[in-house]
Amino acid sequence: MSRLQSKFELLKQQQRKALIPFVTAGDPNPSVTVPLMHALVASGADVIELGVPFSDPMADGPVIQRASERALKHNVGLKDVLQLVADFRSKDNLTPVVLMGYGNPIEAMGWGKFAQRCADVGVDGVLTVDFPPEESHEAFEHLQKHGIDPIFLLAPTTNEARIKLVAKLARGYVYYVSLKGVTGAGNIDLTAITEKMPQLRAHIKLPIGVGFGIRDAQTAQAVAALCDGVVVGSRIVQEIEGSNENQILENVSRLIKEFRTAIDQA
Amino acid sequence: MSYDFPDSTGHFGPYGGIFMAETLIPAVEELKQQYLRFRDDAEFKAEFAYELKHYVGRPSPIYHAKNWSSRLGGAQIYLKREDLNHTGAHKINNAIGQALLAKRMGKKRVIAETGAGMHGVATATVAARFGMECIVYMGAEDIQRQAPNVYRMKLLGAKVVPVESGSRTLKDACNEAIRDWVTNVESTFYIFGTAAGPHPYPMMVRDFQCVIGNEAKVQMPEMIGRQPDMVIACVGGGSNAIGLFYPYIEEKSVKIVGVEAGGLGLASGQHAAPLTSNSKVGVLHGNRVYLMQDDNGQIIETHSISAGLDYPGVGPEHCWLKDTGRAEYVAITDDEALQGFHDLCRLEGIIPALESSHALAYAAKIAPTMAKDKVLLVNLSGRGDKDINTVARLSGITL
């Protein structure tokens, strides 16, 4: 059983919802990332989404764009991100790690080599924002061969046919983008999520995580009641950006605990 | 077998495709359906033809640059005068086509990216003409180098949004326009300026720009009794080039040459020539193409004297024409392009765009090596009024 599957089954038994924080690898510099990942887990994270820095993050708002820029100043590339995961795994062999980013850094490495390295270092899932299922044949083949879960996005604009397509290909969990917009936008619509969920559930048997625009514990709680996991990205990255380097772990830990408490009361 | 690309999923061989975030996939799908529906619709075609004739001023003439040809002492150079179009470049052909489609799709808000500003001006123009709200994203660096076009867009009622991220040029303007589209997907039509991006854009933009080559195929025999020996156009994303080239693909006697921005020279790394420099294939802005990038797959900053060519990728059909050998791609440096610019000003009384000057410079390079009865047809894709500040600055003159 994959780490993601075990984690979501455990959560289901405990009747809890997953808290899935996102941080960009190498932000603000590579030495922060592994201790930060451990701090996320210690504060209540169930799954970590680790952003792979990219020069042209088209689906991201300004907060995560700047995180990419900070990491790229330290030349943090895909191979460095994989090494950070290997370092994390030396002390944590249970928490699932999902790489999230854009396709080109992976294309540059080659999908075969990338999937092999993911398996070697202990990456559990890969979410490539700009690769829809129709363009993911090569990716899917290599990831499957090495037991890495392909994570796909669904959006408010996704129709029934595409939900079925994703239901067929996705593994691990499905990430529902809660609004029309980029990461960190402020226009989340809980009613729209509530209305969309039955259509998703009719076809998606995997756990459904919801993200984009979840900026506070109260919203996280409301969203958690509707799905299986809550993804929090820009709000955490903003905390990192606003903290002195020696206070990042403390400030982010406090924030994660707030989200954890709120979600557990959902 | 006849040339029939892209395939139904938007691929030109291994290039092209639809690489977008899920939120935009249904929008791109709808665009494809609507375009396929109206492409062959008699009323749509008639309206497009009417606008091209009465609003743009088509057909654009072909001009024999006799003085320049005779100075060069070889092949005869003919110019397809897209610079004489309303708004001063080929970009208006595509902007009208997409605006007519937007109108039929009930979209009241249009957005665009722009590099040199010509596509931004064309989009602002058609938005005014058809009564649509218009937002144009433009790199802060380009806003500096193309100030007259920025004011032109504002006069036409468009909102110009400076983009401060990344290299602050065309690719960053594209990123920002895509971010706008994903946020306003239901109300907004993205009028994409070049023959790249997710399917159906490369096909649709090509189809709208093909009026250039289709006219030339009629005009050249009228002028000289035959087709040219070579057609030449500059390639950034490559919309003016594919518009001229596509109708000539099956004319095997006509050589096809695309001219990329060689910047400070290919060896310097400071250029915008993904095809000529043998860049790796990658994925950006919705399609798989030759792409300037580092070993980690990060897109690298490009350099060209001309904002309209300053882009790390290129349209997927050009990638395919390169691989199949049907077209040849070369690079022209900033200095060579400037020489072409000045020569055309002084010898023919035409101020060309710096983008088009790359194609002119290649013609000037190759013409002397050819016999005097050979004919080169160069796409003069735009006029150079917008570039006079840049050229003056390079000559040490403040206007």
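The sequence lines fix the lettering, A, B, ..., with proteins before strands; numbering per chain opens at 1.
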Out of curiosity, [X] [atom1] to [Y] [atom2], how far, rounded to the nearest 0.5 Å?
X: A:Glu134; Y: B:Phe19; atom1: CD; atom2: CZ; result: 10.5 Å
X: A:Arg162; Y: B:Glu29; atom1: CZ; atom2: CD; result: 6.5 Å
X: A:Asn75; Y: B:Asn296; atom1: CG; atom2: CG; result: 7.5 Å
X: A:Glu135; Y: B:His199; atom1: CD; atom2: NE2; result: 10.5 Å
X: B:Ile25; Y: A:Leu153; atom1: CD1; atom2: CG; result: 10.0 Å

* Asked: Around A:Lys205, counting heavy atoms of other residues, nucleotides and ligands shown, do more than 12 lie under 6.0 Å from its NZ?
  ->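 Enclosed.
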
* Around atom CD of B:Gln144, are there more than 12 heavy atoms of other residues, nucleotides or ligands at under 6.0 Å? ->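 Open.
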
Mark yes or no for whether [X], through its side chain, and [Y], through its backbone, hold a donor-acceptor pair below 3.5 Å.
X: A:Asn104; Y: B:Gly297; answer: yes
X: B:Gln298; Y: A:Pro53; answer: yes
X: B:Thr23; Y: A:Ala155; answer: no

Taking every non-hydrogen atom, the tightest pair across [X] and [Y]:
X: B:Arg179; Y: A:Asp60; answer: NE-O, 2.8 Å
X: B:Thr183; Y: A:Gly181; answer: OG1-CA, 3.5 Å
X: B:Ser165; Y: A:Gln65; answer: CB-OE1, 3.8 Å

Let me know if [X] has heavy atoms under 4.5 Å from chain B in its side chain, its backbone, both or neither.
X: A:Arg66; value: neither
X: A:Val177; value: side chain
X: A:Pro57; value: both
X: A:Glu107; value: side chain
X: A:Ile106; value: neither

* Show your reasoning for whether side chain to side chain contact (heavy atoms under 4.5 Å, CB included) applies to A:Met58 and B:Leu284. => CA-CA 9 Å; A:Met58 281 157 286; B:Leu284 182 71; 4.2 Å; yes

* With respect to chain B, which residue among A:Leu154, A:Leu179, A:Thr158, A:Asn159 yields the maximal number of heavy-atom pairs within a distance under 4.5 Å? ->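 Top count of heavy-atom pairs under 4.5 Å with chain B: A:Thr158.
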
* **Structural part of B:Leu291 lying under 4.5 Å from a heavy atom of chain A** =>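 Just its side chain gets close to chain A.
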
